[in-house]
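Below is one structure, written out as structure tokens; comments come after it.
Reckoned from all heavy atoms, side chains included, excluding hydrogens, waters and symmetry mates. First the proteins, then the strands, lettered A, B, ... as listed; each starts at 1.
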Amino acid sequence: MTDKPQDESKLIAERRRKLDALRVDGNAYPNDFRRNATADELLTTFADHTDETLRAENVQVAVVGRMMAKRVMGKASFIKLQDRSGQIQVRLERDHLAEGVYAAFKKWDVGDIVGASGALFRTQTGELTVLADEVRLLTKSLRPLPEKFHGLADQETRYRQRYVDLIVNEESRKVFRTRSAIIAYIRAFLDAQDYLEVETPMMQVTKGGAVARPFTTHHNALDMSLFLRIAPELNLKRLVVGGFERVYEINRNFRNEGVSTQHNPEFTMLELYRAYADYEDLIEMLEALLHGMAESILGTTVVRYQGEEFNFGERFARMTVEEVVRKYNPDLDPARIRDRGYLAGICKKLGVAVRDNDGAGKLQIEIFDKTGEHELRQPTFITQYPTEVSPLSRRNDADPFVTDRFEFFIGGREIANGFSELNDPEDQAERFREQVAIAAAGDDEAMAFDHDYIRALEYGLPPTAGIGVGIDRLVMLLTDSPSIRDVLLFPHMRPEVFD
RNA sequence: GGGGCGUUAGCUCAGUGGUAGAGCAUUCGGCUUUUAACCGACUGGUCGAAGGUUCAAAUCCUUCACGCCCCA
């Protein structure tokens, strides 16, 4: 954007002239007007007061906000001021204001920030209104707002200029209030169970805790490369070693992958660890959390999302990975469901690439992702993930091919991932060595060997279970948002070109 | 990475080869109970960018940029 007024639209140039006039008259950006109530406080407090009682009570109020409507009828006007709580109407009468104020007001624009004080009354249609005996322009807005009826519809502008979206689109404000309420609900839920909220580094020397490509950055003074974390997992488990038996972190992870309606390069995860618990305890906990959250946030256990209805009022379904694979591949021979060569043949039929070092477990997951994941519409816990694809999970005691792990799906999307933690340092070291081998074979998503983490496990990680919950996807679900960008205040965008 | 759709006034959108339009906003005038206020007049555009076809391009073609959706 340019600073040269001659390049600006006439609308902006017009407002800039008005600002120049304000500067001549005095302080164009005053900060000495104070309100004594928000719009919603007034609407709530005086909801039952008639015009007669209001006039008898002579309730003096001072309100502020952005002028979202301006209706001038000769010597009197109505305006709507929008503050953080909502909108309140103000009536201005020329003869009820100081000399010249009304004439000045007529030059103000929709979008300007205004303060007004006076007594409350009710209009003929019953709307609570402030009859102004003082009104002041607090901040001049130089840019016109989008058209009042349709609002701002252009997706690109809504994401790039979120401030405009928030000014004019109440639905957008609501999404972000709901987001905040969801996170507050989670904190209250966990705090009540004596979990400790912690913060662990975003910048890490060793990448680990998940299978994903990292962003790299560089520390100049130390002249070293650092990874932006793909997960906080290993640090949180170090804290459990340290004796914080219940910890959680709600924070950003960074993954250097594609951008889509469900992926943003940085996204928010709840990650939680609980000692002396197993993955089934966390399934129960997540279920209770989500049931209560839907009731608290939505006021119902029926979650409507993009034309589907998800039932949050009953026990969620459970299936194993192999059950899903069999259900959605009815021709698959169950006796050979762990036969690497057999599964490779099925993958080829499905058009899934098979790598030489992919084992049966990895191929099961490929088939699961391709044929089953999208079908998991109603909330479902999927358990018993192959050990091969679960390098941090505890092996199942009865069946070491799988781990005590689950993922949770709603609407065909992964919402959460949890497991009983692998706390055997020798098994963990072996899993890290396998990851290193996979990385050496060319998989840039594989984990590195984290020597300090092994050392921490050698001090003793108590039997522990952990879970990660994708907050953005949860918010999408509870706000009926089709794209992750709708629930991120500033979603990642390619740079805008300013010329 | 592939495919589809889109980009026209500040905003929301029309305009499929022949003089760039509407509503809202802006500006001016009127109006002391409006609710997308209303009435009247006016103003506002390198039609995303570059190139090409054509007597003539917002419109057809090519490339690029950005966005949205689907697929990998």
Roughly how many Å apart are [M] and [N], using the [atom1] atom of each and rounding to a whole number?
N: B/rG51; M: B/rG67; atom1: P; answer: 24 Å
N: B/rU8; M: B/rG45; atom1: C1'; answer: 8 Å
N: B/rA25; M: B/rA36; atom1: C1'; answer: 12 Å
N: B/rC55; M: B/rU46; atom1: C1'; answer: 23 Å
N: B/rU19; M: B/rC47; atom1: C1'; answer: 15 Å
N: B/rA20; M: B/rU27; atom1: P; answer: 28 Å
N: B/rG44; M: B/rG21; atom1: P; answer: 12 Å
N: B/rA57; M: B/rG15; atom1: C1'; answer: 14 Å

Margin query: If the condition is salt bridge (charged side-chain N to carboxylate O under 4.0 Å, His left out), which residues does A/R252 pass it with, not counting sequence neighbours?
Written below: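 Partners of A/R252 by the salt bridge (charged side-chain N to carboxylate O under 4.0 Å, His left out) criterion, ordered by chain and then number, come out as A/E266.
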Could you check whether [X] makes a cation-pi contact with [Y], meaning its NZ or CZ is under 6.0 Å from the centre of the six-membered ring and within 45° of the ring axis?
X: A/R91; Y: A/F78; result: yes
X: A/K370; Y: A/Y328; result: no
X: A/R405; Y: A/Y385; result: yes

Note to self: Please confirm whether the ring centroid of A/F409 lies under 6.0 Å from the ring centroid of A/F368.
What the structure shows: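 Here the rings of A/F368 and A/F409 have centres that are less than 6.0 Å from each other.
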Notebook entry, point to check: So, do A/F254 and A/F215 have ring centers that fall under 6.0 Å from each other?
Noted result: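 No, the ring of A/F254 stays outside the 6.0 Å limit from the ring of A/F215, centre to centre.
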If [N] has a Watson-Crick or G-U wobble mate with both distances under 3.5 Å, name it; if not, just say none.
N: B/rA65; result: B/rU7
N: B/rU32; result: none
N: B/rA22; result: B/rU12

Next item on the list: Give the B/S/- string for nucleotides 28-36 of chain B, one per nucleotide from 5' to 3', where a protein heavy atom under 4.0 Å of the base yields B, of only the sugar-phosphate yields S, and otherwise -.
Entry: S--BBBBBB
Next item on the list: Scan nucleotides 45-50 of chain B nucleotide by nucleotide, 5' to 3', and note B when protein non-hydrogen atoms come under 4.0 Å of the base, S if they reach only the sugar-phosphate, - if neither.
Entry: ------
Given atom [atom1] of [X] and atom [atom2] of [N], what is their separation to the nearest angstrom?
X: A/M68; N: B/rA37; atom1: CE; atom2: C1'; value: 17 Å
X: A/K70; N: B/rU27; atom1: NZ; atom2: P; value: 7 Å
X: A/R15; N: B/rC11; atom1: CZ; atom2: C1'; value: 12 Å
X: A/I12; N: B/rG10; atom1: CD1; atom2: C1'; value: 7 Å
X: A/Q306; N: B/rC69; atom1: CD; atom2: C1'; value: 13 Å
X: A/I167; N: B/rG10; atom1: CD1; atom2: P; value: 18 Å
X: A/E156; N: B/rC69; atom1: CD; atom2: C1'; value: 15 Å
X: A/H374; N: B/rA72; atom1: NE2; atom2: P; value: 10 Å

Note to self: By nearest heavy atom, map A/V259 and A/D109 onto RNA chain B; which one lands nearer the 5' end?
What the structure shows: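 Comparing both residues, the 5'-ward one is A/D109.
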Check: On RNA chain B, nearest-nucleotide positions of A/W108 versus A/D154: which is more 5'?
Finding: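 Counting from the 5' end, the first nearest nucleotide belongs to A/D154.
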Margin query: B/rA72, OP1 or OP2 - any side-chain N/O from A/K370 closer than 4.0 Å?
Written below: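 For B/rA72, OP1/OP2 do have a side-chain N/O of A/K370 under 4.0 Å.
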Margin query: With a cut-off of less than 4.0 Å, is there a side-chain N or O of A/R160 near OP1 or OP2 of B/rC66?
Written below: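 Answer is no, no contact under 4.0 Å.
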Checklist line | Strand contacts (RNA chain B) in residues 351-369 of chain A, 4.0 angstrom heavy-atom criterion | finding: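 Contacts with RNA chain B under 4.0 Å: none.
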Check: With a 4.0 Å cut-off on heavy atoms, is A/G258 in touch with a base, just the backbone sugar-phosphate, or nothing at all?
Finding: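 Here A/G258 touches no strand at all.
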Check: Counting any heavy atom closer than 4.0 Å, what does A/R485 reach on the DNA or RNA strands: base, sugar-phosphate only, or nothing?
Finding: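 Answer is sugar-phosphate: A/R485 comes under 4.0 Å of backbone atoms only.
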Notebook entry, point to check: How long is the gap from OG on A/S393 to CG on A/N417, to the nearest 0.5 Å?
Noted result: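 Rounded to the nearest 0.5 Å, the OG-CG separation comes to 7.0 Å.
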Next item on the list: Could you tell me the separation between the CH2 atom of A/W108 and the CG atom of A/L22, rounded to the nearest 0.5 Å?
Entry: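 A/W108 CH2 to A/L22 CG: 9.0 Å, rounded to 0.5 Å.
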I'd like a table of atom pairs between the protein and nucleotides 1-3 of chain B - only N or O on both sides, under 3.5 Å - with the distance next to each one.
none

Between [X] and [Y], is there a side-chain N and carboxylate O pair less than 4.0 Å apart?
X: A/D358; Y: A/R340; value: no
X: A/E375; Y: A/K327; value: no
X: A/K18; Y: A/D109; value: yes
X: A/E388; Y: A/K362; value: no

Check: Does the side chain of A/L92 come within less than 4.5 Å of A/I79's, by heavy atoms?
Finding: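 Yes, side chains in contact.
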Note to self: What I want to check is whether the side chains of A/S141 and A/D112 have a donor and an acceptor closer together than 3.5 Å.
What the structure shows: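 No pair is found: no donor N or O on one side chain lies under 3.5 Å from an acceptor on the other.
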Item checked: Residue pairs, two or more places apart or on separate chains, that pass ring-ring contact (aromatic ring centres under 6.0 Å, His included) and touch residues 155-178 of chain A ->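 Matches after skipping sequence neighbours: none remain.
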Margin query: Counting neighbours of CG on A/N31 that are heavy atoms of other residues, nucleotides or ligands and sit closer than 6.0 Å, is the number greater than 12?
Written below: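 No, not enclosed.
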